[in-house]
Structures are given as C-alpha cells and as structure tokens.
Number of protein chains: 2
Amino acid sequence: MHMSTEDKIIEAAIELVYEKGYKGATTRAIAQKANVNEVTIFRHFGNKKGIMEAAIQKYAFVDLLENTFAEKIVWDIEKDLKMLVREYQALLDQKKTVILLALRESNEFAELNEMLKKVPQTYIEIITHYFEQMIEREKIKKFDPYTLATNFAFINFGFFLSKTRVLSGSEELSIEEFIDKNIAFFIQALQ
Amino acid sequence: MHMSTEDKIIEAAIELVYEKGYKGATTRAIAQKANVNEVTIFRHFGNKKGIMEAAIQKYAFVDLLENTFAEKIVWDIEKDLKMLVREYQALLDQKKTVILLALRESNEFAELNEMLKKVPQTYIEIITHYFEQMIEREKIKKFDPYTLATNFAFINFGFFLSKTRVLSGSEELSIEEFIDKNIAFFIQALQ
DNA sequence: ATACATTGTAAGTACTTACTTGCATTTAGT
DNA sequence: ACTAAATGCAAGTAAGTACTTACAATGTAT
C-alpha cells in the first residue's frame, strides 16, 4: 500500500465512477474514498475532468496483450485456443472495472471509447494472424482467418459480459464449462 | 406526429438520457426537447425518476421476440439461421437507443438491467428450442443445443455492438457480409 | 356559451456540487 | 535542526438543478 497521493485519488475515482457514473461520483466522495482532503484533488488535477484524463493515461494498457500471448503458442489448435481464452478472460477480469466504466462513460470521454475499442480489436488482430499461420501449416481447414477471429472474439466478449451480468444467458456458465462446451464446439468446427 | 404529451416527454427523455446519461439529462432540457413546459413534466410524472419508470414500462418489449420468429421458420438450417439473424439485428437496431441506454444506466435502475438481460436471454431460449428440434429431425449434427445457442447469440450481439461502435473489429462489416461470412461459417460447422 | 381539464408562464426555494482562498500542520530532504 | 514542499482544515462562492406554487391562457366537450 505505498500508493502515491495521485494514484490513491485515481483508483478511488475509477471505482466510484464505475459505481455511480461520472456525474454521480462527486469530488467529495472521491476524496473520502482516497483518504485525502478534497482540495488535494484540485491541487493535483486542476479539475474533476483532470482526474479521469490522468486515469485514462494510466490505463492505456492495450500493449499488454501482444507480448503475453505470442510466447505461449505451441501450434496445437486445442491447446492454443484454450490458452487464448483463459488469458483473454483473465485480462478482461483484471481490467473489468475500467472496461465497464468505459462502456458507460464513452460518450463523455472520447478517449475512453478509443481505449475500449482497442481491446477486442487488438485481440482480433492477434487471432487473425494466428489463424493465418495455422492455415499455412495446414493444421486447420481453410476458412477466412478474419471471419474466424471475429467469431471467436465475439463469443469471448459475450461470455465476459454474461459473467459480469451485463448480459446473461438463461444459465450461468463457469469458465471451465464455457471452454469445454462453447470453445470445444468452435475447435471442432475447424478440424 | 399525434403523440400525447406524456409520450413526447418519454421519447425526449430516452434520447437525452442516451446522450448525456441520467444525471446529465436535466428536466429543463427534456422539456425543451419535448416542446413542453418544465412543470408539465412534474405534473405528469411526479419527479424525474417517474419519467424513466414510465419509459421502462413502455419499452418492456421482450414479448415481441417470440411471436415474430416462430412463424417464419421453414426447417432449413441455412434459411432459418439467416432469417433469425436478420430479424434479431432488426429488432436490436430498432431498440438501439433503449438498449445502449440500459447498458449505461443499469446501475441506477434495476429494472433496466432486468430488461437488458432478457433480450439475449429470450433469444437464446428460442434458438435453443429450435436447435433441439433440428437435432430431432436429424437436420444438423448432435451438439448441445444450449451451447450452440449461446455461441450463436454471442456472435450476434457482438456484431450488434461493433455496428454501434461500442466495440469494433479492425474492419467494418455490413450485415450482408456478416451473414455471408460469419454466419455461413457457423452453419457449415453444424452440417 | 359555459365548465373543466390541460398546459404555459413567472418566480422562487432548498439543496447540491465543483472549485477557491487563507492559514495551520505535517512530511521529507539536506 | 531548518527549509520547502505537500497536505489538511474551515469557510465560502457561484452556479446549476430538481421541484413547488399561484395564476393566466388555451383547448375541448356538452
């Protein structure tokens, strides 16, 4: 817990904006949650919007994706796709608050929208590239790699949303069930 | 344009809350957009929350789904799934504002969350039932019908979100391209 | 034409909220 | 120990916002 004052404020703001929305998250409440005085906020960030801009800067996290995945690929369709699901879901879970916040406040903050869009976009690009190579190596049938990637990404994101209860199926799926059923179907279709 | 005063207010409120969020949509602005005086709002709905509650009532639209689909089924997997995509996308488009509004304001209004969840949920139930029957008739391979349905629904909802630019792939897909590529892949996997 | 319900107008109240200012207190580097 | 920067505290300002009240204007049905 050696957080700087600025970080304490940013984290408190993210949580509160996630709960109450941007307008609902008062500077007073943010200060209280961060355990600082309200004035301290304005001394650091100038105005309320400044907090969010700093938060967006801090969480421009997309680069995380690319490095993590590439190393773990073993060119076995089943192992790879299951790994890609697990890693992606873990990342989404970890950044859940920011992602759902972005989903809600993207009208107010254009940058948030950009950030939000990049999450599946980057994922799709990586997966597209993966499928291209798997087709070259003749490990899967010849489908359009980009089509495969979007389907795969949509299924993944849909599952994430259903977990967060933003959406829902009629049952609740654990990630293992999801992989064993939904992803397994996808894998089978490729072979 | 023979809208009642109440309807004018409700529609204006929905649009504004969609744009600015619930707290950002002031009663003054709603009145202005609806071309009524601000007091008229309070005379009809009591308070600001009352507008949204009336709007939610008005848009409890889930029942629409079930009737529309059942009649159009011809028990040909390709024709049926393409029809189901088109109908569902059309419905989502039509209710887009309310859906995206619900996505943002579901924390503030529990009922909105319920409504939002029911959209894919009902769809999944219908599709599950459809797949069950198609398996009985031996028109598709024996997969778990619920798994198929969730995958199909997630792909559909993902496409909807990417169209609304909430999410995005790296390219923009038209609905015809989406059907010809993404759905075609899904159909092929079933046969 | 009269009666009644609906809407508009004007003005105001009570409350919240982002943001400021001046000064006291604490923390940290040398 | 001394200095300077960071933070806390108390009080206040200005603007916005939901909601109210009293009354005038308009429409509508009989």
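All chains are named by letter (A, B, ...) in the order of the sequence lines, taking the proteins before the strands, and each is independently numbered beginning at 1.
Distance B:Lys20 NZ to D:dA18 P: 13 Å, rounded to the nearest Å. Distance, A:Lys48 NZ to D:dG16 P: 15 Å, rounded to whole Å. Regarding B:Gln32, its CD atom lies at a distance of 12 Å from the P atom of D:dT17, rounded to whole Å. Between the P atom of D:dT20 and the CZ atom of B:Phe45 lies a distance of 15 Å, rounded to the nearest Å.
With C:dT20, C:dT9, D:dT17 as the choices, the nucleotide that has an atom nearest any side-chain atom of B:Val39 turns out to be C:dT9. Distance from the side chain of A:Asn37 is smallest for D:dC9 among the nucleotides D:dC9, D:dC19, D:dT20. Closest to the side chain of B:Arg43, out of C:dC19, D:dC19, C:dT7, is C:dT7. In the set D:dT7, C:dC19, C:dT21, D:dT7 carries the atom at the smallest distance from any side-chain atom of A:Thr40.
Taking the charged nitrogens against the carboxylate oxygens, B:Arg43 and B:Glu6 have no contact shorter than 4.0 Å, which rules out a salt bridge. Between B:Glu108 and B:Lys49, no side-chain nitrogen of the basic residue sits less than 4.0 Å from a carboxylate oxygen of the acidic one, so the salt-bridge criterion is not met. With respect to the salt-bridge test (charged N to carboxylate O, under 4.0 angstrom), the residues B:Glu78 and B:Lys82 qualify.
For the OP1/OP2 pair of C:dT7 and a distance below 4.0 Å, the side-chain nitrogens and oxygens of B:His44 include at least one atom meeting the criterion. Between A:Thr5 and D:dA6 there is no side-chain polar atom (N or O) within less than 4.0 angstrom of OP1 or OP2. For the OP1/OP2 pair of D:dT17 and a distance below 4.0 Å, the side-chain nitrogens and oxygens of B:Thr27 include no atom meeting the criterion. Side-chain nitrogen and oxygen atoms of A:Thr26 include none within less than 4.0 Å of the OP1 or OP2 phosphate oxygen of C:dT16.
The shortest distance between side-chain heavy atoms of B:Val119 and B:Leu92 falls below 4.5 Å.
Backbone-only engagement by A:Val36 is indicated by non-hydrogen atom pairs under 4.0 Å involving sugar-phosphate atoms exclusively.
A donor-acceptor contact closer than 3.5 angstrom is absent between the side chains of B:Asn107 and A:Glu19.
Comparing A:Glu38 and B:Glu38, the nucleotide of DNA chain D nearest to each residue sits closer to the 5' end for A:Glu38.
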